Amino acid sequence: MTMPPLLPAADLKRLDYYENFPHQAVVATPIEVDRRGEFCADTGCFPCGALQPAEFGLPSASCYAVYLDHEGREITENTLVTVVGWCFRKENHYEGLRRQLGFRMREIVALGSREHAESHLCAFTDRITAFARALDLPLRKEAASDPFYDKGGSKAVLQRLTPVKHEFLYEDLAIASVNTHRNFFGDRCSITLGGTGGPAFTSCVAFGLERWLSALTRRHGSWAAANDAVRTASAQLAAAGPVV
């Protein structure tokens, strides 16, 4: 599916986006036409007073739009939804393809039973590991932590006990992740599970496309060599069969 890059800020707010990811949040708003002359040539910015209230958010992941699109629906069978969308993250610095304000993310989202959501992550963990091995791309898998959480707070403690996100890093850069949400989005978006009436479980697997390009070219030295490595790895995995 293709999802919009702009989502209502009110929808993101009720999904705890601005509570959980305030350090990454970016919003979009029109300018006040009558105050367009206040643009500052020195900074290249419009001052806050020349902007209208920000009603739209630029989410840092593509999956939020999937849950909002399924709002109020009943999931009658285990479902997978794949999207490629633009994501936006406020960073301390930006660097080529490695860290960008806006980049494309491929996500595969699972909606349905707890078992379906969990098996989705297990299967893709194996696929990512096998693909990286075939690419000669050394990745390390780490439990992610959100730096803004109070280290003694309940969210931080829960995350250490039962990590909800694991990242696959090349050097110091996360290029993929597997994420479990339990039934949080099912509950917040009233996505129900057929047969039980309870909230659906969800999980997602995410790939930062530009980040993968950066990692592959850094590892193999050039675009041509990276392309050859991908073709070789794809052929090797295809020959191994559907397990990977």
Side-chain angles (χ1 to χ4, degrees), residues 1-18 20-21 24-28 56-91 97 99-114 116-128 131-132 144 164-168 173-193 199-216 230 234:
M1 300 182 70
T2 299
M3 294 298 182
L6 289 171
L7 296 175
D11 286 339
L12 292 172
K13 175 67 170 63
R14 63 187 174 87
L15 296 181
D16 288 352
Y17 179 72
Y18 299 110
N20 292 334
F21 303 102
Q24 294 179 342
V26 180
V27 296
F56 295 98
L58 297 160
S60 59
S62 299
C63 60
Y64 287 99
V66 175
Y67 312 127
L68 293 171
D69 180 68
H70 283 74
E71 187 165 16
R73 296 194 202 179
E74 180 183 76
I75 302 296
T76 57
E77 59 183 357
N78 289 328
T79 301
L80 291 177
V81 177
T82 183
V83 295
V84 176
W86 282 96
C87 300
F88 302 84
R89 294 183 181 180
K90 175 69 173 67
E91 301 270 14
L97 293 175
R99 294 190 184 277
Q100 298 177 305
L101 175 60
F103 63 98
R104 287 167 294 180
M105 183 178 289
R106 168 74 183 276
E107 290 200 53
I108 304 95
V109 182
L111 305 98
S113 66
R114 179 195 295 269
H116 173 60
E118 292 176 351
S119 65
H120 175 57
L121 300 189
C122 290
F124 264 95
T125 294
D126 292 342
R127 293 182 69 173
I128 293 168
F131 189 45
V164 298
K165 177 177 183 177
H166 285 88
E167 294 176 329
F168 293 85
L173 185 69
I175 64 175
S177 65
V178 292
N179 311 268
T180 180
H181 319 120
R182 304 185 180 92
N183 58 3
F184 174 81
F185 290 112
D187 181 56
R188 290 293 176 91
C189 293
S190 300
I191 307 170
T192 56
L193 192 59
F201 286 78
T202 65
S203 64
C204 72
V205 182
F207 304 88
L209 298 185
E210 285 81 359
R211 293 184 175 198
W212 272 88
L213 293 176
S214 172
L216 288 169
V230 170
S234 297

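Predicted model, so just to flag it, every value in this text is computed and none were measured.
- Taking 4.5 Å as the limit, some side-chain heavy atom of Leu58 sits within range of a side-chain heavy atom of Leu6.
- Interatomic distance, Arg182 CZ to Thr202 OG1, rounded to the nearest 0.5 Å: 10.5 Å.
- With sequence neighbours excluded, the residues forming a ring pair (Phe, Tyr, Trp, His ring centres under 6.0 Å) with Tyr64 are Tyr17, Phe185, listed by chain and number.
- Side chain of Glu107 to main chain of Cys63: a donor-acceptor pair is present (N/O by atom type, distance under 3.5 Å, no hydrogens or angles).
- Arg188 contributes a side-chain N or O that, together with a main-chain N or O of Arg14, makes up a donor-acceptor pair within less than 3.5 Å.
- You'll find the side chain of Phe184 stays beyond 4.5 Å of the side chain of Tyr67, heavy atoms only.
- Shown here for Pro59 and Leu12, the closest heavy-atom pair between the two residues is CB-CD2, 4.4 Å.
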Item to check | Candidate pair Leu193 and Asn183, rule side chain to side chain contact (heavy atoms under 4.5 Å, CB included), full reasoning | outcome: CA-CA 10 Å; Leu193 192 59; Asn183 58 3; over 6 Å; no

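- For the pair Ser203/Val178, no side-chain contact is recorded, criterion being any heavy-atom separation below 4.5 Å from C-beta on.
- The environment of CD in Glu91 is crowded: more than 12 heavy-atom neighbours from other residues, nucleotides or ligands sit within 6.0 Å.
- Looking only at distances, no side-chain donor or acceptor of Ser214 sits under 3.5 Å from a matching main-chain atom of Glu210.
- The side-chain heavy atoms of Val66 and Met3, taken from C-beta on, include a pair separated by under 4.5 Å.
- When side chains are defined from C-beta on, Thr79 counts as touching Val81, because their heavy atoms get closer than 4.5 Å.
- Of all heavy-atom pairs spanning Leu216 and Val230, the tightest one is CD1-CG2, 3.8 Å.
- In this structure, Ile75 and Ala200 approach most closely via the heavy-atom pair CG1-CB, 4.3 Å.
- Here the closest heavy-atom approach between residue Ala61 and residue Met105 is recorded as CA-SD, 4.0 Å.
- Residue Leu15 holds its CG atom at 4.5 Å from SG of Cys189, rounded to the nearest 0.5 Å.
- Between Phe201 and Glu118, the closest side-chain pair of non-hydrogen atoms is not below 4.5 Å.
- Minimum heavy-atom separation, Ala176 to Phe207: CB-CD2, 3.8 Å.
- For the atom pair CZ of Arg106 and CH2 of Trp212, the computed distance is 12.5 Å after rounding to the nearest 0.5 Å.
- A 4.5 Å side-chain heavy-atom check between Gln100 and Leu97 finds at least one atom pair inside the cut-off.
- Across all non-hydrogen atoms, the minimal contact from Asn78 to Ser113 is OD1-N, 3.0 Å.
- A donor-acceptor contact shorter than 3.5 Å links the side chain of Arg211 to the backbone of Ala174.
- Atom CZ of Phe124 sits about 11.5 Å away from atom CZ of Phe131, to the nearest 0.5 Å.
- Considering only heavy atoms from C-beta on, Asn179 stays 4.5 Å or farther from Val164 through its side chain.
- Listed by chain and residue number, Trp86, Phe88 satisfy the side-chain contact (heavy atoms from CB on, under 4.5 Å) test with Pro5 (two or more places apart in sequence, or in another chain).
- One N or O on the side chain of Arg89 and one on the backbone of Ser60 form a donor-acceptor pair closer than 3.5 Å.
- Between atom NE2 of residue His116 and atom CZ of residue Arg114 there is a gap of 14.0 Å, rounded to the nearest 0.5 Å.
- Taking NE2 from His70 and OG1 from Thr192, the interatomic distance works out to 11.5 Å, rounded to the nearest 0.5 Å.
- Judged by distance alone, with hydrogens and angles left aside, the side-chain atoms of His120 form a donor-acceptor pair with the main-chain N or O of Ile108 at under 3.5 Å.
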